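Worksheet: the structure to be examined is printed underneath.
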Amino acid sequence: MGKINKTVIITGYHCNNRCQFCIAADKRQLHNKTTEEIVAEMIDARKRNRTYLELIGGELTVRQDAIYLIKFAKKLGFEFIAMATNGRMLSYKDFAKKLIGAGITDLIFSIHGHNAKLHDALTQSPGSFRQLMQGLENVRKLRLKRIGSNTTIVKQNYRYLPEIGKLLLENDIKNAEFIFADPTYGGVYNNFTKLMPRISDAAAYIHKCLDLVNDRDDIPHWHIRYVPLCYFRGYENRISELYEKKTFHTEHLAPDFQNFDVENSRLGISREKPQKCKVCKYYNLCEGIWKEYLRHYGDKELTPVVN
Ligand code: SF4
């Protein structure tokens, strides 16, 4: 099977949460794309035979034109129309109904804690967990089939990853992505020591969370993103970047940048394999670790795999 051509349109960075680790923390005031700009990008993407559209922000659901954009994407014939969301607006049943009626095929909820105390502290938005859970319940009742999740792993939540994983399973999420925080820009760059966990501390908890679905044939995707492979021997089939390289050819169209080869450009720009990695048997598969991580913590935690 050929790769799926995926276009990710970043519509702007306005948002109703204020996540501490947000990669776009310093971009919130940048230009939000207009409806016409997004429509033009969708038309162009279809002309280039893109079949998978993902709309992300900021938070798309706070835009007045959110429903219109989904309807327009459906009319253009995208096979998949996905949206990442903090889920708060979906707590309004009427809005959830309209969004699903417009033709969204995939909703990816950002879930950063297993309870309100942890999630709301990370989003810096009291009430955001309660609204997120209500939003999830609404879309489940509306029988949307493809419900996914993103969880950003930071110092404050890594110990609770197994509990977060259980919460996802209780909510019928079968497509989960756990993301080791990206310190290249934004919140984690600005507050590195406060937020960035050490991989040597977090790995055991990530393993426990991944292991929750070892015997579940009905879970198609339960993956970890942005980690060095030396901590994930035996989990090679659960590494997002490896899956992505096999499955997608992705482009990112943002207000402030465009990247037409996402899978192949990360290494070299923001991630690095230090000198010691040269002898590692994973060298060709692995993307190493964030450059910014190495700048703060050094490479002592990385252990080349030689047997
Ligand atoms: S290449 Fe480097 S970072 Fe990757 S698994 Fe090997 S030692 Fe770890």
Side-chain angles (χ1 to χ4, degrees), residues 3 6 21 23 112 150-162 164-165 176-214 219-250 252 259 261-307:
K3 289 189 190 180
K6 177 171 170 179
F21 46 76
I23 191 84
H112 306 301
N150 280 329
T151 300
T152 301
I153 302 171
V154 287
K155 264 189 186 171
Q156 288 74 0
N157 68 3
Y158 75 80
R159 289 182 186 82
Y160 304 103
L161 281 169
I164 294 171
E177 183 95 354
F178 302 95
I179 305 168
F180 195 55
D182 180 351
T184 311
Y185 317 95
V188 186
Y189 176 84
N190 294 336
N191 290 295
F192 186 94
T193 320
K194 180 181 171 201
L195 294 167
M196 192 76 214
R198 285 188 179 267
I199 189 61
S200 54
D201 293 332
Y205 295 92
I206 302 173
H207 294 166
K208 271 192 196 157
C209 179
L210 294 177
D211 289 344
L212 288 174
V213 301
N214 283 352
I219 307 279
H221 189 94
W222 197 265
H223 281 46
I224 175 73
R225 176 180 283 273
Y226 301 153
V227 288
L229 297 193
C230 38
Y231 283 88
F232 288 86
R233 295 184 79 175
Y235 292 89
E236 293 83 350
N237 61 351
R238 310 281 283 284
I239 306 290
S240 263
E241 300 93 306
L242 300 182
Y243 162 79
E244 222 170 52
K245 276 185 179 152
K246 280 189 285 183
T247 316
F248 294 110
H249 178 222
T250 307
H252 281 174
N259 180 349
D261 190 5
V262 172
E263 284 81 11
N264 291 310
S265 62
R266 211 163 21 232
L267 189 61
I269 295 176
S270 45
R271 288 178 76 179
E272 186 178 325
K273 287 175 277 191
Q275 189 66 18
K276 70 196 287 192
C277 291
K278 289 219 162 115
V279 296
C280 180
K281 78 169 189 183
Y282 285 127
Y283 189 79
N284 290 328
L285 268 188
C286 180
E287 289 190 9
I289 198 155
W290 299 112
K291 287 184 179 177
E292 191 60 17
Y293 185 103
L294 292 170
R295 193 169 77 80
H296 285 268
Y297 289 156
D299 67 3
K300 280 200 287 292
E301 293 165 280
L302 305 180
T303 312
V305 179
V306 289
N307 54 28

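Both counts, for ligands and for their atoms, begin at 1 and track the order of listing. Being a predicted model, the structure only gives us computed values, none of them experimental.
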Item checked: Closest protein heavy atom to atom 6 (Fe) of ligand 1, given as residue, atom name and distance to 0.1 Å -> C280 SG, 2.4 Å

Next item on the list: State whether the number of non-hydrogen atoms from other residues, nucleotides or ligands found under 6.0 Å of Y189 atom OH is greater than 12.
Entry: no

Note to self: Distance under 4.0 Å to a non-hydrogen atom of P228: what atoms of ligand 1 satisfy this?
What the structure shows: 3 (S)

Margin query: For the NZ atom on K276, are there more than 12 heavy atoms of other groups (residues, nucleotides or ligands in this structure) within a distance under 6.0 Å?
Written below: yes

Item checked: Heteroatom test (N, O or S) for C230 near atom 8 (Fe) of ligand 1, limit 2.8 Å -> yes

Item checked: Y205 versus N157, side-chain donor and acceptor atoms under 3.5 Å -> no

Check: Angle class for the H296/F192 ring planes (parallel below 30°, perpendicular above 60°, tilted otherwise)?
Finding: parallel

Check: Around F232, counting heavy atoms of other residues, nucleotides and ligands shown, do more than 12 lie under 6.0 Å from its CZ?
Finding: yes

Next item on the list: Can you spot which of F178, W290, F180 makes a ring-ring contact (aromatic ring centres under 6.0 Å, His included) with Y226?
Entry: W290

Checklist line | Nearest non-hydrogen protein atom, atom 4 (Fe) of ligand 1 | finding: C286 SG, 2.4 Å

Notebook entry, point to check: For atom 2 (Fe) of ligand 1, which protein heavy atom lies nearest, and how many Å away is it?
Noted result: C277 SG, 2.3 Å

Item checked: Residue P304 vicinity, atoms of ligand 1 by number, heavy atom under 4.0 Å -> 7 (S)

Notebook entry, point to check: L229 heavy atoms, cut-off 4.0 Å: which ligand 1 atoms fall inside?
Noted result: 5 (S)

